[in-house]
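Everything on this sheet refers to the single structure shown next.
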Amino acid sequence: MKGPTPKRLWDYVGRRLGLGAYLEDPGDGRRRPQIPAAVLVWALLMGRLLREPSFPGTEQLVASAGAGALRLARGFGDDALAYFTERLEAAGTRRALAEVVRRSKRNKAFENARFLGLAIDGTAAGRSRKPGCALCRPFRSATGEILGYHHHLVAVSVVGAGLSLPFDVEPYGPGDSEYAAGQRLLRRAVEKLGRRFADYVVVDGAFATAPFLHLAGELGLAVVARLKENLPELAAAVEERFGNQPPARVHYQGRERIEIWEADDFDPWEGLRWETVRVVRYRQYKPDGACFQADWLTNLSQAKASGLAVYRMAKSRWEIENQGFNDAKNRYGLAHVCHHHANSILVNWLLTLLAMVIERLYRLRYLHRGVPPVLSAEQFCRRLWLSLGRPPYDDTS
Ligand SMILES: [Zn+2]
């Protein structure tokens, strides 16, 4: 089995993913570069894939494994990564991510899901004690005292089709908001992927506002959004209707029981230019007795998507939490501030997503072709580490 090595990954990214031009010129903004951008961007990606994302960690890795073992043309000194990421343009990495995602759909990397989704959600990644860049947002104690600073971002991921690919982020600093950043991000995602790429966008209650829903409609996307107390009139009308009714349908998935209520004739709230609002409530009973209930609103008609299909789209929102933010933070160091500078933080987030996308496509789609079982993310990482100690001739097997 062809396990991961830096050289194989380089070939894969350059040839199969079509990012050869990006790896050579990722959008270097340095005036007189001493070290080629190709060396530094690959070192940053390898640092993430080896889960050694800090800049000193990456520099030590290159120094101790040797540049050649990581498929780098040369080594580099301290501070090269900080200087480079301050000046690397985010646009190049964003384009590369969108290109890989579009190519994945063409190559049928997504399962034959009837609906392909985009999930959008926000998180905080990277604390610091002192303010250090334009993106720093203070967080305060109950009494208003500033406890420190956070960096906030909104991310977008392909969901609902068996392969989560988070592919862009939009930061928001002080004076900006998650909600405004989410709209910029959704607009850019559809511009880059095309209007026909996805069927729906799924979001939490914070995005269930008229302007966001209208924007999704303009961009040709159906919306599936969590209905919470921030829409009190609609939430009350839904409870009044469904609270006294037995479920319209009951489904069994494995050992889970899923009860569905739905109606498509709720009144829109003031400002929402929809004729009516469809709401789906589910109550999910887990085999261990746990029970989850939630209400979701959508403009998908019943003819297009059944209550169960809307339930699945609603559940696909978890992918941006679990396979998106949790993996990015726990495995690839998204929450670590490598270098406290706004552009450096942004391009580090984007490179983290690119490393995740490369890892998933290589491990789950390329290595896995016809050869089960799938390597886990941990096995992939361990094999990549072990490959660093091998002599180079072994690399061609
Ligand atoms: Zn900052």
List the atom pairs, donor and acceptor, that lie under 3.5 Å between side-chain atoms in residues 225-238 and the rest of the protein, sequence neighbours left out.
| from | atom 1 | to | atom 2 | distance (Å) |
| --- | --- | --- | --- | --- |
| K228 | NZ | D204 | OD1 | 3.4 |
| N230 | ND2 | G205 | O | 2.9 |

Give me the ring orientation class for [X] and [Y]: parallel if the planes are under 30° apart, tilted from 30 to 60°, perpendicular past 60°.
X    : Y    : result
Y282 : Y311 : perpendicular
F110 : F197 : perpendicular
Y366 : Y12  : tilted

Rounded to the nearest 0.5 Å, how far does [atom2] of [Y] lie from [atom1] of [X]?
X    : Y    : atom1 : atom2 : result
F55  : N348 : CZ    : CG    : 4.0 Å
E178 : F207 : CD    : CZ    : 4.0 Å
K304 : D199 : NZ    : CG    : 8.0 Å

Can you tell me if [X] and [Y] form a side-chain donor-acceptor pair at under 3.5 Å?
X    : Y    : answer
S387 : K7   : no
T85  : S344 : yes
N326 : R331 : no
Y252 : R257 : yes
T209 : Y179 : yes
T298 : R278 : no

Out of the candidates L213, V224, V280, only one should pair with L297 under the side chain to side chain contact (heavy atoms under 4.5 Å, CB included) rule; please name it.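 Of the listed residues L213, V224, V280, the side chain to side chain contact (heavy atoms under 4.5 Å, CB included) partner of L297 is L213.
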Residue among L19, L350, V169, V156 satisfying side chain to side chain contact (heavy atoms under 4.5 Å, CB included) with L97: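 Answer after filtering L19, L350, V169, V156: L350.
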Please tell me if the side chains of [X] and [Y] come closer than 4.5 Å, counting only heavy atoms from C-beta onward.
X    : Y    : answer
D327 : R360 : yes
R281 : I260 : no
Q323 : S157 : no

Not counting sequence neighbours, which residues clear side-chain contact (heavy atoms from CB on, under 4.5 Å) with [X]? List them please.
X    : answer
P174 : R137
E86  : H339, H341
R106 : E99, R102, R103

Side chain R51, main chain G47, donor-acceptor under 3.5 Å: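 Between the backbone of G47 and the side chain of R51 there is no qualifying donor-acceptor contact (under 3.5 Å).
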Under 3.5 Å: donor-acceptor pair, side chain of R363, backbone of L375: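 Checking the backbone N and O of L375 against the side chain of R363, a donor-acceptor pair under 3.5 Å is found.
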Residues [X] and [Y] bridged, charged N to O under 4.0 Å:
X    : Y    : value
D288 : K286 : no
R140 : E145 : no
E170 : R94  : yes

[atom1] of [X]: more than 12 outside heavy atoms within 6.0 angstrom?
X    : atom1 : result
E378 : CD    : yes
W269 : CH2   : yes
R74  : CZ    : yes

Nearest heavy atoms of E319 and G160, plus distance in Å: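 It is OE2-N, 3.0 Å.
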Can you name the closest pair of heavy atoms from V202 and S316 and give their distance?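 Scanning both residues, the minimum pair turns out to be CG1-OG, 3.8 Å.
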Is there a continuous path of hydrophobic side-chain contacts, each under 4.5 Å between heavy atoms, that joins Y200 to V154?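 Each belongs to a different hydrophobic cluster.
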List the residues meeting ring pair (Phe, Tyr, Trp, His ring centres under 6.0 Å) with H150, not counting sequence neighbours, and say none if there are none.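 H150 satisfies ring pair (Phe, Tyr, Trp, His ring centres under 6.0 Å) with F139, H152 only.
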Results of side-chain hydrogen bond (donor to acceptor under 3.5 Å, both in side chains) for K315 - residues two or more places apart only: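 side-chain hydrogen bond (donor to acceptor under 3.5 Å, both in side chains) list for K315, sorted by chain: Q284.
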